[in-house]
Asker: 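Please find one structure pasted underneath; my questions will follow.
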Amino acid sequence: MAEMISLSINGVSIRVPAGTMVAAAVLIAGETMFRRSVSGEARGPLCGMGVCFECRVTIDEAPHCRSCQIICRDGMKVRTG
Amino acid sequence: MPSAASFDIAVVGAGIVGAACAREFAEAGLRTALIEAEAIGGGATAAGMGHLAVMDDSEAQFALTRYSQVLWKELAAELPAECEYLPCGAMWIAADEEEMAEVHRKQRYYSERGVPVEVLDTSSLADAEPNLRRGMAGALLLKDDSVVYPPCVAQFLVAQAQRDGATLILGRRVMRIDGNTAKLDDGSILFSDNFVLANGSSATSLVRDLQIQPRKGHLVITDRYPRFVRHQIIELGYLKSAHATRADSVAFNVQPRSSGQLLIGSSRQFGNEEAGVDGKIVSAMLQRAFEYMPGLKKLSAIRTWTGFRAATADKLPLIGPSPGRENVYLATGHEGLGITTSLCTAKLLGDLLLRRTPVINIAPYLPDRSYAVHG
Amino acid sequence: MTEARRTVDILVVGAGPAGMAAAVRARESGRGVLVLDDNPAPGGQIWRGGQEHSPSARASSWFAKMAASGAQVIAGARIVDGDAKRQCLTVEMPDSAFEVSYDKLILATGARELFLPFPGWTIPGVMGVGGLQALVKSGLPVTGKRIVVAGSGPLLLAAAAYFRAHGAIVPIVAEQAPVSRLAPFASRLAKHPGKLFQAAALRLALHRSRYRSSCWAIRASETERLESVQLQQHNRVWLEPCEYLAVAYGFISNVELAVLMQCQTGAAGVRVNDLQETSQNQIYCAGECTGIGGVDLSIIEGEIAGYAASGRDDLAGNLFKKRDKARQFAAALESAFALRDELRSLADAGTIICRCEDVTRERLEPMRSWRSAKLQTRCGMGPCQGRICGPILEFLLGLHPESVRPPVFPARVETLLRQEEETRPT
Ligand SMILES: Cc1cc2nc3c(=O)[nH]c(=O)nc-3n(C[C@H](O)[C@H](O)[C@H](O)COP(=O)(O)OP(=O)(O)OC[C@H]3O[C@@H](n4cnc5c(N)ncnc54)[C@H](O)[C@@H]3O)c2cc1C
Ligand SMILES: Cc1cc2nc3c(=O)[nH]c(=O)nc-3n(C[C@H](O)[C@H](O)[C@H](O)COP(=O)(O)OP(=O)(O)OC[C@H]3O[C@@H](n4cnc5c(N)ncnc54)[C@H](O)[C@@H]3O)c2cc1C
Ligand code: FES
């Protein structure tokens, strides 16, 4: 069984198997809107491989992080929107 | 085949200067042609920062930039959103007491001439721009300075000119001008009583003995970080950089865009006519920027690019008839201020062509000034 | 700032099948090999997530060869800049950056999916086919989820099979190509050993009822979260409820880094000679960045590049025949899944084309060049740097993207600072 780690997504704490990508964790937490586009549309991951920048979230206060390329760390704080 | 088209005036180049000229002439009722070889606003205009600045190097420079600001304020209300007009003001940063003395001198200079300014001390500067390194001596705030996105302004000015009847000839390069004909790169001929060369440093290919040098600059643009900086911010040391006429130089200059992005500059290089990004000068430029604003380091940079400023020896633009070529007017040599002074350049050329009385004295910008002064 | 400086004999960018094969073969010469990849683990797109997510025998064998080769691999390392003259690249890591100088460089940067816009394609839940697959590989559970798979190419079937194997319901696979092109192609599949295509053949046989040819997605809704997709086949239009729509129209080569390094490109991808050498001295290119050809071709090209870069042209030459065969297959693939004209009119006037800057089709329609489009509408100015909208503009309006400027991926500003003694001009 994979080891579980916990992180918070928009203030709600969840547990996911170690090795889970942040984008997957956000979806597991039930959030589909990762960011608002420049005209205010809801957006979520598109390419899954780090090139489209649609999956950007704020991780530990750093904005514009591509959640599809970053693996969850224990205690990480993720914000969408 | 010679075409039948015939114009009162033909403007070469649809950068911001040519676009402003075409708009001015068409509005005044002249039959106007505007010829652009590549894309509208795609030359230096696309590379520039778009800071609409007042400057005080000389009385002539002050008069030109200040009059330009007045014209920009009038235009601002008409500009569509994509022109990103942002009346953010500019801060000249003094790192130490010596530079602070310069702040006070500038304050007197501008106040005497009715330009709204304010002096900030160490702590009020830290409040106004929290991402600046702590402990700066202070700053001069120029409240009328603002920012635009130049390529869209150029497009807007061209559209206005077209609305007033100007003819846009896009994708054609003017190869030579003889009397009242211009030969284009497809072999066609365009007839016009007068010509305006608004093609930046390429003007040297159409008139002889023109003393203009391309001065290369680099800029870096970041992703969106709204309110990371709130004003156009420039170190006072910039003046030393802008004044150097030989050596490469860099200075700290950062600009907030209405998109929330930041533009980081600036560099000046002579004798480098290659358009590629020069990693060394970018490094020097950024190192300087980090000294003033360490928080920039962690921001995400999206692109770096270069552009060429058309520089003259006395740092003033060339506006007026080309010596020895009565019907060929110059509108070039704007160096690092061509966005700002584009509107004023157009106004002054319109005054000359239509024999109106100009609001400011045009003599310092006339291309034959070197003859007038030295000869 | 770029902190450390490394030097290596042979540098490989990309740890997908091509990069791994190149590294393994190059290491056989005894020369030092370093492999860099942006992903958190080696494997590239098809073997994403490392060995445990790609249990095929071939994947295992290459992971094992890689481990035994002694090539050094750094994952999470993104190349953001480079200088062909100085023979070095700038590498950004999550918390640091370094410069690496090479004697030979092998670019194996792979491909990305081609997305074509239609109303609703920006709604969360509409993803790439490989895109959604990548998310599932990185921990997204899809058990019981309804996933519509659409677009074009053999990946649709492989992905649909993968989603089903992970418990998803795939009500339909919509392939835009007509059956008149697919049938002859399907009969060729049996002769080829590639895993993707075996899977494709299998699914074609097993799930024919759910596999629709001449069928594509025309609209997705609702605005905040995907609820359904409208599909069209011939004259029939219907609504298919779903939680995810996985849609992509094939692949686009990742040529940006090669272009930055001044390698010539052609219509398909980076231009290479027999030895996978580019127009730049000391730079080789292998895999999907030279053109879309599938995993078999990627591996063979990688091996050739690895041999050639380590000075063993004879061994490289032994593989030319094998590569020719794989290339023939790639050509057949391309013609079977050629994109139909109708796809050009899926996006209506108000459909967003550039997702970074939210630029709609009607604003782009009057533009005569990529440069005007960029300057006047901001299309391509966002962080994807035109990777998503560039190929779309090419497909819809025939505009060709302009030259590449550094950084070749968005990078921390400090990464652009070079570590050199005399950075300050006097
Ligand atoms: C890095 C940098 C930062 C800058 N920052 C600022 C700033 O903050 N504020 C400011 O006021 N100024 C700034 N400037 C200066 C400003 O960008 C220029 O002065 C201004 O854009 C000049 O405009 P232009 O129309 O004269 O030239 P260009 O924009 O270069 O236009 C000339 C046009 O002529 C066309 N052309 C050339 N030859 C021919 C021909 N033979 N036939 C037809 N067409 C031709 C070209 O294609 C081009 O479009 C900056 C410049 C640089 C490089
Ligand atoms: C999203 C996606 C999913 C796919 N899924 C399948 C599948 O399920 N089955 C199948 O048969 N085929 C699949 N393919 C096709 C597959 O890409 C090829 O068959 C094969 O994997 C290509 O191998 P490659 O080594 O050329 O490229 P890739 O496997 O794409 O590897 C390229 C690597 O280069 C790295 N890279 C690129 N640029 C940089 C940079 N600047 N800095 C650092 N690293 C960089 C990338 O992170 C990537 O890991 C998929 C393709 C894509 C794009
Ligand atoms: S989903 Fe495209 S960058 Fe993450």
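The chains referred to below are lettered A, B, ... by the order of the sequence lines, with proteins before strands, and numbering in each begins at 1.
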Asker: Heavy-atom distance under 4.5 Å between the side chains of C/Arg225 and A/Met33, does that happen here?
Answerer: no
Asker: So, do A/Phe53 and C/Pro410 sit near enough that their side-chain heavy atoms are less than 4.5 Å apart?
Answerer: yes
Asker: Of the backbone (N, CA, C, O) and the side chain (C-beta and beyond), which part of C/Gln385 lies under 4.5 Å from a heavy atom of chain A, both, or neither?
Answerer: neither
Asker: Checking an interface table here. Which of residues 5-21 of chain A come within a heavy-atom distance under 4.5 Å of chain C?
Answerer: A/Gly19, A/Thr20, A/Met21
Asker: Using non-hydrogen atoms only, which part of C/Leu135 is less than 4.5 Å away from chain A: side chain, backbone, both, or neither?
Answerer: both
Asker: Locate the shortest heavy-atom distance separating C/Pro124 from A/Ala42; write the atom from each residue and the value.
Answerer: CD-O, 3.4 Å
Asker: I'd like to check C/Asn39 versus A/Gln69 (side-chain heavy atoms, cut-off strictly below 4.5 Å). Are they in contact?
Answerer: yes
Asker: At a heavy-atom distance under 4.5 Å, which candidate from A/Gly44, A/Ser39, A/Cys55 has the highest pair count against chain C?
Answerer: A/Ser39
Asker: If you measure from CD on C/Glu357 to OG on A/Ser37, what distance do you get to the nearest 0.5 Å?
Answerer: 10.0 Å
Asker: Against chain A, label C/Leu226 side chain, backbone, both or neither, depending on which of its atoms sit under 4.5 Å from a heavy atom there.
Answerer: neither
Asker: Any ion pair linking C/Glu224 and A/Arg36 (charged N to carboxylate O, less than 4.0 Å)?
Answerer: yes
Asker: Taking side chain as C-beta onward, heavy atoms only, is A/Arg43 less than 4.5 Å from C/Thr122?
Answerer: yes
Asker: How close do A/Ile28 and C/Pro141 get, counting heavy atoms only, and between which atoms?
Answerer: CG1-CD, 3.5 Å
Asker: What option among C/Thr223, C/Asp38, C/Ile388 has the most heavy-atom pairs under 4.5 Å with chain A?
Answerer: C/Asp38
Asker: Flag the pair C/Ile352 / A/Glu41 as yes when at least one side-chain heavy-atom distance between them is below 4.5 Å, and no otherwise.
Answerer: yes
Asker: Taking all atoms of both residues into account, what is the closest heavy-atom pair of C/Ser138 and A/Ala24, and its distance?
Answerer: O-CB, 3.5 Å
Asker: Examine distances only and state if a side-chain atom of C/Arg355 and a backbone atom of A/Leu46 form a donor-acceptor pair shorter than 3.5 Å.
Answerer: no
Asker: If I compare all heavy atoms of A/Ile71 with all of C/Pro40, which pair ends up nearest, and what's the gap?
Answerer: CD1-CB, 3.5 Å
Asker: List for me each residue that meets side-chain hydrogen bond (donor to acceptor under 3.5 Å, both in side chains) alongside C/Arg361, sequence neighbours excluded, and say none if there are none.
Answerer: C/Glu365
Asker: Give, for atom CE of C/Met127 and atom CG of A/Leu27, the distance between the pair rounded to the nearest 0.5 Å.
Answerer: 5.5 Å
Asker: Who among C/Val126, C/Asp358, C/Val129 has the most heavy-atom pairs with chain A under 4.5 Å?
Answerer: C/Asp358
Asker: Any heavy-atom pair between the side chains of C/Cys384 and A/Val51 that's under 4.5 Å?
Answerer: no
Asker: Sort C/Arg387 into side chain, backbone, both or neither according to what part of it lies under 4.5 angstrom from a heavy atom of chain A.
Answerer: side chain
Asker: Please tell me if the side chains of A/Arg56 and C/Pro383 come closer than 4.5 Å, counting only heavy atoms from C-beta onward.
Answerer: yes
